Amino acid sequence: MKNSIRTRLMALVLLASVIPSGISVTFSYLYTKQSVTEQSVKQNTKLLTLGEGNLSSYFNGMNQRAMSLYSGINVPSSFYTTLLTAKDPADLPAGTAAPDTRAVISTQLYNLFLSDQNTFQIHLYVRAPKQSNLLLGGLFRREADTFVPSAVPGGTYRPFIEVTHMDHQYGMKSGFPNLKSGTVPVFTAHFPLYRAPSAEVLADLSVDFRLDELEGIVRSMYNSDTERLYVLNEQGEALFSSDPEWIGERVTAGWSRLPEASESGHFSWKKDGFAGIVMYRHIDAPLFKGSIIKLVPYGDLYADARIITRFNAGIGVLFLILGGIVAVVISIGFTRPIKKLIAFTQKVQIGQLDAHMEAESEDEFGLLTRKITGMTRTINDLILKEYKLELANKTNQLKALQAQVNPHFLYNALQSIASLSLRYNAPKVYDLIYSLGSMMRYSMNTERTQVPLRDELEHVQNYVILQTERFGEENLRLDIDTDEAASGITVPKMILQPIVENIFKHGFADGIREAVITVSCTLDKQDRLILAVKDNGKGIPEARLAEIAAGLAHTGKAGHEEIGLANVLARLRLQMSGETELLLRSEEGQGVTVTLIIPLENQTHHIDKGAADDEGTDRR
C-alpha cells in the first residue's frame, strides 16, 4: 500500500542509495572521458608517426629501384646507353635500320618487375622513337604509338604517385592472352628518365603496384571496425580510403582541409556525417606528398569510459539492490507480526475461532499476540460448551423417543415366532427369523457405535441370507476371506452392509444370475486395514465412475447413488483416520470392486467383550 510503513521505509533506503551513487557515477564518467581522450590522442599520434615512417620508407624504396636504371651510364649496350642512343626512325639515314633494343629493354624491365612482389605491370615510353614497351604477367609487348605521359601535379615534371585506379594497358593495341584490363585496382609510380645532367627527358617509366603492401601498412594504423583512415595526396585525392567510394577520388569533406603550419595534430569535428576527433600527419616523401587523416568517432573513443561508467553504475545498482533488500528485510521483520495479527483477526471474523497463532518474539507484538490468542480461545471454549450442551440435550431427546418403542418386545416376539416354527418343523423359517432379528438388534442398538469387524461381517452375512432366500441359493453366493488379526479390529457400525446393499440396487439391477459377492479383510505391511467388496455384476461405465469419484471428493454434492459410500467414508475418517481412502475400480460387464484403505497408526484395536457376551446371550 502507498501509505504503509513498509513502503515508506523502502523508499527512504532507496533514495539514500540512489543519490550518492548517481553523483559518483557522473563525476567518474566526466573524469574518465577527459583522461581517455588524452590517452587516445597520444596513442594515435604514435601510430600515425609510425605509419608515416613506414609509408615514406615504402615510397623511397620504389624511388631507389627506379634510380637503379641510371647504372651503366657509360657502359655500352646498357639499358641507359640504349635510351641515350635511341633515334626516331624518320631521322635515320636511308637504308639504315634502327638497332634492335628489345632484349635489353625487356630484360631490364623484367628485373625491375621481380624486385617488388607487388608490381603488377611496367610501362616504358621511349620518347625519341615514340615507342611503348609494356611488361605484364611475364609477357612483353612493344608498339610504336603516340602515348602521352600523365600530367604532373604542380606543373613541374618530377617523379610522383598516381592515386589508386583500375589497371589499363597504356593504349597498347595488341592485347595479352587471358589478361583483361580494368579488373585490378593499382596505384602507379611515374618516373621521368633524364639525359644526365640536363633536364631533357629520354623516357617515361610507369610502374603499377597492387595494393596489398600499401593496405598492410595502412591497416596497422587504425581499427577498421570503428575508425576511418585516409591517405590523401596534395590535391586531396585518396591513395587509400577506408570508405571504398572515396578511393581514387577527390575528398571534399570539411575535415580534409588540414592546417599546413604543423606537421601533425588533431581537432574535433561534428559535421559531414561524422562526430569525433580528426587526427592527421603530413607526408613529405620524394614520390608522394600528402597527409594521413584518421577519424576516431566519439563512440569508439569513449567506449572505455562508458565501460568504466557502466561498471560504476553496476556497483551502484548492486548497492541499490542490497539497500532494497535490507529495506525489505527490515520492513518485513517490523510489519510481519502486524500482518499476521490482521490475518488472524480475519479468520476469527469469518468464524474460525479455533485458529491459532504462535508468538514469535517477546516484545510488544508478542505480548499483543498472546493476549488476542487467549481471548479468542476463551470465546471458542464458551461456544463449544454451549454447543455440546445443546447436542447432549438433542441426544437425550432421541433416546427418549427410541425408548418409547421397546425393542425387547420386538425381539421377544420374533423369538416366540422362531420357537413356534421349530415346533412345526420349519427350520428354514427359524433361520430367516433369526437372521432378521440379529440384523434388527445390531442396527437398533444405540449404545454401541463401534464393534469388532467380525460382528460387522456377521451382520453382512445375515443380510445376504435374507437376500439369498429371495433370489435363490443357485443365483447368489457370499464369500468372506478374513485375516484372524483383522477380524478383531474395532470399526464403526454399518460400514460394509451399505456397500453390499448398493450391489443389489445397481450391480444386479437387471436381475441376479450366478451372482458372487466377495468380501476380503486384510492387514498390509503398512499397518493399514484393507476392506474390499467385489461383485461380478454389470459394472459401472467409465463416465459414471468418474462422476461418483467426483461426488466422493466433494461429499457435500454427492448424488443419491453415492450417498451411502460418502456416509461410510465420512464416518471412517471421523472415527478412525482422516487419511482413510475409498477406491472404486470397475470394468463394464465385469463387476465393481469397492476398496476401503484405513490407516491404523496410533489406533487402539480391541474387541468389546462385554458387548459380544450380551449379543451371545440374546442369541441363546
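Note that these values count all heavy atoms, side chains included, but never hydrogens, waters or copies made by symmetry. In this chain, numbering begins with 1 at the start of the sequence shown. Every value quoted in this text rests on a predicted model; they were computed, and no experiment measured them.
At least one donor-acceptor pair closer than 3.5 Å links the side chain of Asp167 to the backbone N or O of Val184. Side chain of Glu213 to main chain of Asn118: no donor-acceptor pair is present (N/O by atom type, distance under 3.5 Å, no hydrogens or angles). Glu227 places a side-chain N or O within donor-acceptor distance of the main-chain N or O of Asn223, the cut-off being under 3.5 Å. A donor-acceptor distance shorter than 3.5 angstrom exists from the side chain of Ser220 to the backbone of Ile217, with no hydrogens or angles considered. Judged by distance alone, with hydrogens and angles left aside, the side-chain atoms of Thr164 form a donor-acceptor pair with the main-chain N or O of Leu239 at under 3.5 Å.
By the 30° and 60° cut-offs, the orientation of the rings of Trp269 relative to Phe267 is perpendicular.
Nearest heavy atom pair, residue Tyr194 against residue Ala199, reads CD2-O, 3.5 Å. Across all non-hydrogen atoms, the minimal contact from Tyr222 to Phe240 is OH-CZ, 3.9 Å. Scanning all heavy atoms of the two residues, the minimum distance from Leu232 to Ala238 falls at CD2-CA, 3.6 Å. When all heavy atoms are compared, the tightest approach of Val126 to Ile105 is CG2-CD1, 4.4 Å. The shortest heavy-atom contact between Ser206 and His190 is OG-ND1, 2.8 Å. Contact record, Ala128 with Ala86: CB-O, 3.4 Å, taken as the closest heavy-atom pair.
To the nearest 0.5 Å, atoms NZ (Lys130) and CG (Asp88) are separated by 4.5 Å. Taken to the nearest 0.5 Å, the CG atom of Leu258 stands 4.0 Å off from the CD1 atom of Ile293. Of the inter-residue distances, the one linking Leu112 atom CG with Thr107 atom OG1 reads 12.5 Å to the nearest 0.5 angstrom. Residue Asn44 holds its CG atom at 10.5 Å from NE2 of His266, rounded to the nearest 0.5 Å. Note that CG of Asp208 is 9.5 Å distant from OG1 of Thr119, once rounded to the nearest 0.5 Å. Rounding to the nearest 0.5 angstrom, the gap separating the CG atom in Leu55 from the CD1 atom in Ile283 is 5.0 Å.
For Asn233 and Glu237, the side-chain atoms include at least one donor-acceptor pair closer than 3.5 Å. Arg142 and Asn133 are linked by a side-chain donor-acceptor pair at a separation below 3.5 angstrom, with hydrogens and angles left out of the test.
Heavy-atom neighbours of Glu215 CD from other residues, nucleotides or ligands within 6.0 Å: above the threshold of 12. Within 6.0 Å of CD in Gln117 there are 12 or fewer heavy atoms belonging to other residues, nucleotides or ligands. The environment of OH in Tyr70 is crowded: more than 12 heavy-atom neighbours from other residues, nucleotides or ligands sit within 6.0 Å. Counting non-hydrogen atoms of neighbouring residues, nucleotides and ligands closer than 6.0 angstrom, the CZ atom of Arg102 exceeds 12 such neighbours. Environment of CD in Glu245: crowded, with over 12 heavy atoms of neighbouring residues, nucleotides or ligands closer than 6.0 Å.
Pairs engaging residues 76-87 under the side-chain hydrogen bond (donor to acceptor under 3.5 Å, both in side chains) rule: Ser78-Thr81 [sequence neighbours left out].
For the pair Arg228/Trp255, a side-chain contact is recorded, criterion being any heavy-atom separation below 4.5 Å from C-beta on. Contact annotation: the side chain of Lys173 approaches that of Glu143 to within less than 4.5 Å [non-hydrogen atoms, C-beta and beyond].
When Val163, Ile247, Val231, Leu214 are each tested for a side chain to side chain contact (heavy atoms under 4.5 Å, CB included) with Phe187, only one passes: Leu214. Checking each of His165, Gln121, His168 against Thr188 for a side chain to side chain donor-acceptor pair (under 3.5 Å) leaves exactly one that passes, namely His165. When each of Asn63, Asp204, Leu124 is paired with Phe191, the side chain to side chain contact (heavy atoms under 4.5 Å, CB included) condition holds for Asn63 and for no other.
For Glu162, there are no salt bridge (Lys or Arg N to Asp or Glu O under 4.0 Å) partners two or more places apart in sequence or in a different chain.
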Residue pair Phe160, Leu287: steps toward the side-chain contact (heavy atoms from CB on, under 4.5 Å) verdict: CA-CA 5 Å; Phe160 71 97; Leu287 278 180; 5.9 Å; no
Pair Ile277-Met279, side-chain contact (heavy atoms from CB on, under 4.5 Å): steps then yes or no: CA-CA 6 Å; Ile277 295 181; Met279 302 183 185; 3.8 Å; yes
Worked check of side chain to side chain donor-acceptor pair (under 3.5 Å) between Asp116 and Tyr58: CA-CA 11 Å; Asp116 191 332; Tyr58 182 47; 4.5 Å; no
Full working for side-chain contact (heavy atoms from CB on, under 4.5 Å) between Phe79 and Asn111: CA-CA 12 Å; Phe79 173 78; Asn111 290 336; over 6 Å; no
Worked check of side-chain contact (heavy atoms from CB on, under 4.5 Å) between Trp246 and Thr252: CA-CA 10 Å; Trp246 287 108; Thr252 58; 4.1 Å; yes
Working for side chain to side chain donor-acceptor pair (under 3.5 Å), residues Tyr230 and Asp243: CA-CA 8 Å; Tyr230 304 84; Asp243 297 329; 2.4 Å; yes
N/O donor to acceptor pairs below 3.5 angstrom from side-chain atoms of residues 46-53, sequence neighbours left out:
residue : atom : partner : partner atom : Å
Thr49   : OG1  : Thr45   : O            : 2.8
Thr49   : OG1  : Arg281  : NH1          : 3.4
Glu52   : OE2  : Ser56   : OG           : 3.0

